[in-house]
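Notes follow once the structure below has been shown.
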Amino acid sequence: AVGAFTSFAFQLARTRGEVSSGAGRLTGRTGKVLVPPAPGRPGKVAVTVAGQIEHALARSADPLRAGDSIIVLGVRGGVLDVGAWDGRDP
């Protein structure tokens with residue numbers, strides 16, 4: 001169920017234009033939670049881009065724990081919007 005929602009959210013964000021060109025290199029990438037986000041407070045994730053690990057602030061509507069897999073859905077205000085990732089293609 002989470003995978004289907006994540007896929008839907010990703011496609012919706014893309015069609016609404018909420019995925020900016022600057023976010024394009026991170027959007028759709030997968031990674032791991034380093035510090036879980038909490039309501040009103042971003043967490044931290046690690047995402048691999050072109051063989052380099054990038055750490056970024058992230059928020060999520062999904063409950064996440066350290067070590068959970070995530071997918072980047074977009075970027076708002078310099079903070080990644082991420083969702084729980086089950087390993088399936090979006």
Side-chain angles (χ1 to χ4, degrees):
V2 171
F5 174 76
T6 300
S7 177
F8 171 76
F10 180 68
Q11 291 172 2
L12 180 63
R14 196 183 279 170
T15 59
R16 285 179 159 182
E18 294 173 2
V19 177
S20 71
S21 59
R25 69 185 185 90
L26 292 178
T27 301
R29 301 282 182 167
T30 58
K32 295 281 184 190
V33 175
L34 301 174
V35 177
R41 181 186 56 78
K44 191 172 187 179
V45 297
V47 179
T48 303
V49 179
Q52 300 291 319
I53 296 174
E54 295 195 21
H55 293 184
L57 294 178
R59 67 182 144 245
S60 179
D62 297 330
L64 298 171
R65 296 179 308 227
D68 284 353
S69 295
I70 55 93
I71 185 168
V72 179
L73 302 172
V75 180
R76 283 185 294 139
V79 179
L80 301 181
D81 289 314
V82 302
W85 179 244
D86 59 11
R88 290 186 267 166
D89 287 333

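Numbering of residues begins at 1 and proceeds along the displayed sequence.
Here the CH2-CG distance, from W85 to D62, works out to 12.5 Å after rounding to the nearest 0.5 Å. Atom CD1 of residue I71 and atom OG of residue S60 lie 11.5 Å apart, to the nearest 0.5 angstrom. One finds the CD1 atom of I70 at 9.0 Å from the CG atom of L34 (value rounded to the nearest 0.5 Å).
Results of the side-chain contact (heavy atoms from CB on, under 4.5 Å) test with R59 over D81, V45, V82 single out D81 as the only residue that passes.
Looking at every heavy atom in both residues, V72 comes nearest to L26 through CB-O, 3.2 Å. Among all heavy-atom pairs drawn from A56 and L80, the shortest one is CB-CD1, 3.6 Å. In this structure, A46 and I53 approach most closely via the heavy-atom pair CB-CG2, 3.9 Å. What you find for A58 and P37 is that their closest heavy atoms are O-CB, 3.6 Å. The two residues P36 and L64 come nearest to each other via the heavy atoms CB-O, 3.2 Å. Closest heavy-atom contact between S69 and K32: OG-NZ, 3.0 Å.
In the displayed structure, R41 atom CZ is contacted under 6.0 Å by more than 12 heavy atoms of other residues, nucleotides or ligands.
Connection of V49 to V33 is established within a shared hydrophobic cluster, with ILVMFWY side chains joined at heavy-atom distances below 4.5 Å, either directly or through further cluster members.
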